[in-house]
Amino acid sequence: MAESFTADSTGFKPGVLDRAAPFYVAGHRGLVGSAIWRRLESAGFTDLRGRTSSELDLKDRAAVFSYFAEVNPRYVVLAAAKVGGILANNTYPVDFLTENLQIQINVLDAAREQGVERLLFLGSSCIYPRLAQQPISEDSLLTGHLEPTNDAYAIAKIAGIMHVQAVRRQYGLPWISAMPTNLYGPGDNFSSEGSHVLPALIRRYDEAARQGLGSVTNWGTGAPRREFLHVDDMAAACLHLLEHYDGPQQVNVGTGSDVTIKELAELVAEAVGYNGAMEWDTSKPDGTPQKLLDVSKLTDAGWTAQIPLNEGIRDTVSWYRNNLAALRG
Ligand SMILES: NC(=O)C1=CN([C@@H]2O[C@H](COP(=O)(O)OP(=O)(O)OC[C@H]3O[C@@H](n4cnc5c(N)ncnc54)[C@H](OP(=O)(O)O)[C@@H]3O)[C@@H](O)[C@H]2O)C=CC1
Ligand SMILES: C[C@H]1O[C@H](OP(=O)(O)OP(=O)(O)OC[C@H]2O[C@@H](n3cnc4c(=O)[nH]c(N)nc43)[C@H](O)[C@@H]2O)[C@@H](O)[C@@H](O)C1=O
């Protein structure tokens, strides 16, 4: 797929986006959308637009078209999606497939009808084959079988990449796709069952430290390797790509280094001040053995991650503790 793009021509010229133009961030209250919103504000954008899911259900096609006609955004980031950790993806594959397809098709079709000038679609590193060669290059898309715990979600995201490529080819619009690695940071989902590993560990270890527990049990074997990118870095990368990258191929967004889940748990334990034992519940799935992105395309486009993992974890622990009352409420 990646090596045989049909030629497209968008006329895109790299440069700063117009700070006064209407900019719609779909999913602006989520982990990624809220970070992108903060980044755009600090970069001087003055006409940011967002709607919560209760104000605008992006699965409602008529409502989405009507919103786009009203706002007529010049720029769009699609950061609204049904998102969850390994257990949620494995348990509710129909929801992850159908909700994400509906949201994407509605938003991308409405944006196309409105002639949105720049659009960034967000996928995920789970689109790549389960046993892809590491670090995972963009070229490995569709070269092997997907990880079964998140194949439904991955298929929806792959359809989104193809939708963007098709719009470029058929309509010449300079839209792009980015594939982030595992993300974390302020505003994450800290629920015990549905969340990703890093917020789950922060919550579990913080509670264990407060309650003086002698041991903590994490999921799986602790052996899988994952790469973690702070969401403020992710937001900076998104703006950089919107201003500097144009091409049909998706761009990986990550740090270029990974850790085992056991090493991650040790970092979290240290950050919260927990000294007890670590145990593993191997009845829970490990998922893919390793997900480390090749970020050379992003580096060539002029961007690299800035926030080291230990600092990012400390920052997120501190945000979690400051917001605990609101999260419980
Ligand atoms: N978190 C991660 O580790 C990774 C995330 N990504 C991708 O980044 C993007 C953002 O993820 P993230 O910020 O973590 O997810 P969150 O769950 O934190 O946020 C998702 C957002 O989507 C909105 N949303 C969901 N369904 C609907 C709907 N039907 N109508 C309107 N809005 C809806 C929610 O709105 P509201 O709050 O108003 O309900 C929410 O703000 C996704 O595309 C995801 O696939 C990719 C790789 C890793
Ligand atoms: C972003 C990405 O997120 C998901 O894929 P994943 O990378 O497997 O994500 P995860 O963060 O949930 O788990 C990572 C690893 O960590 C282990 N683990 C230990 N203890 C806990 C724990 O308490 N919770 C969770 N969730 N995992 C735990 C867990 O067993 C696994 O080995 C997909 O939704 C996929 O679609 C996707 O895009």
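Residue numbers count from 1 along this sequence. Atoms within each ligand, like the ligands themselves, are counted from 1 in listed order.
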If you count the atoms of ligand 2 from 1 in the order shown, which ones are under 4.0 Å from a heavy atom of [X]?
X: Ser124; answer: 37 (C), 38 (O)
X: Arg226; answer: 6 (P), 7 (O), 8 (O), 14 (C)
X: Ala200; answer: 22 (C), 23 (O), 24 (N)
X: Tyr153; answer: 36 (O), 38 (O)
X: Asn89; answer: 33 (C), 34 (O), 36 (O)
X: Pro224; answer: 32 (O)

Looking only at distances, please establish whether an N/O atom of ligand 1 is found under 3.5 Å from an N/O atom of [X].
X: Pro180; answer: no
X: Asn182; answer: no
X: Val32; answer: yes
X: His28; answer: no
X: Thr181; answer: no
X: Leu31; answer: yes
X: Gly30; answer: yes
X: Ser125; answer: no

If you define the side chain from C-beta out and look only at heavy atoms, does anything of Arg210 sit under 4.5 Å from Arg321? yes

Do the side chains of Arg226 and Val259 get nearer than 4.5 Å, heavy atoms only? no

Using a strict 4.0 Å threshold on nitrogen-to-oxygen distance, state whether [X] and [Y] make a salt bridge.
X: Lys291; Y: Asp258; result: no
X: Asp232; Y: Arg38; result: yes
X: Asp47; Y: Arg49; result: yes

Closest protein heavy atom (residue, atom, distance) for [atom]:
atom: atom 1 (C) of ligand 2; value: His196 NE2, 3.5 Å
atom: atom 20 (N) of ligand 2; value: Trp219 N, 3.1 Å
atom: atom 12 (O) of ligand 2; value: Ile86 N, 2.7 Å
atom: atom 2 (C) of ligand 2; value: Lys291 NZ, 3.6 Å
atom: atom 31 (C) of ligand 2; value: Asp286 O, 3.3 Å

Can a non-hydrogen atom of Ala35 be found less than 4.0 Å from any atom of ligand 1? no

Residue-ligand contact Asn189/ligand 1, heavy atom below 4.0 Å: no

Tell me the contacting part of [X] for ligand 1: side chain, backbone, both, or neither, using a 4.0 Å heavy-atom threshold, strictly below.
X: Leu183; value: both
X: Arg51; value: neither
X: His196; value: side chain
X: Ile103; value: side chain
X: Asp188; value: neither
X: Tyr153; value: side chain

Strictly under 6.0 Å, is that where the ring centroids of Tyr184 and His196 end up? no

I want to know whether Phe190 and Tyr320 have ring centres closer than 6.0 Å. yes

Can you confirm, on distance only, whether ligand 2 has an N/O atom lying under 3.5 Å from any N/O atom belonging to [X]?
X: Val197; value: yes
X: Pro285; value: yes
X: Gly287; value: no

How close do [X] and [Y] get, counting heavy atoms only, and between which atoms?
X: Asn218; Y: Met278; result: ND2-CG, 3.7 Å
X: Ser191; Y: Arg203; result: CA-NH1, 3.7 Å
X: Gln250; Y: Lys297; result: O-CE, 3.9 Å

Is the closest heavy-atom distance from Arg204 to ligand 2 below 4.0 Å? yes

What do you reckon, does Ile261 put a non-hydrogen atom under 4.0 Å from ligand 2? yes

Classify the contact between Glu147 and ligand 2 as side chain, backbone, both or neither, using a heavy-atom distance cut-off of under 4.0 Å. neither

Can you confirm whether something in the protein, heavy atoms only, sits under 4.0 Å from atom 34 (C) of ligand 1? no

Could you check which of Gly194, Ser54, Ser53 puts a non-hydrogen atom nearest to atom 39 (O) of ligand 1? Ser53

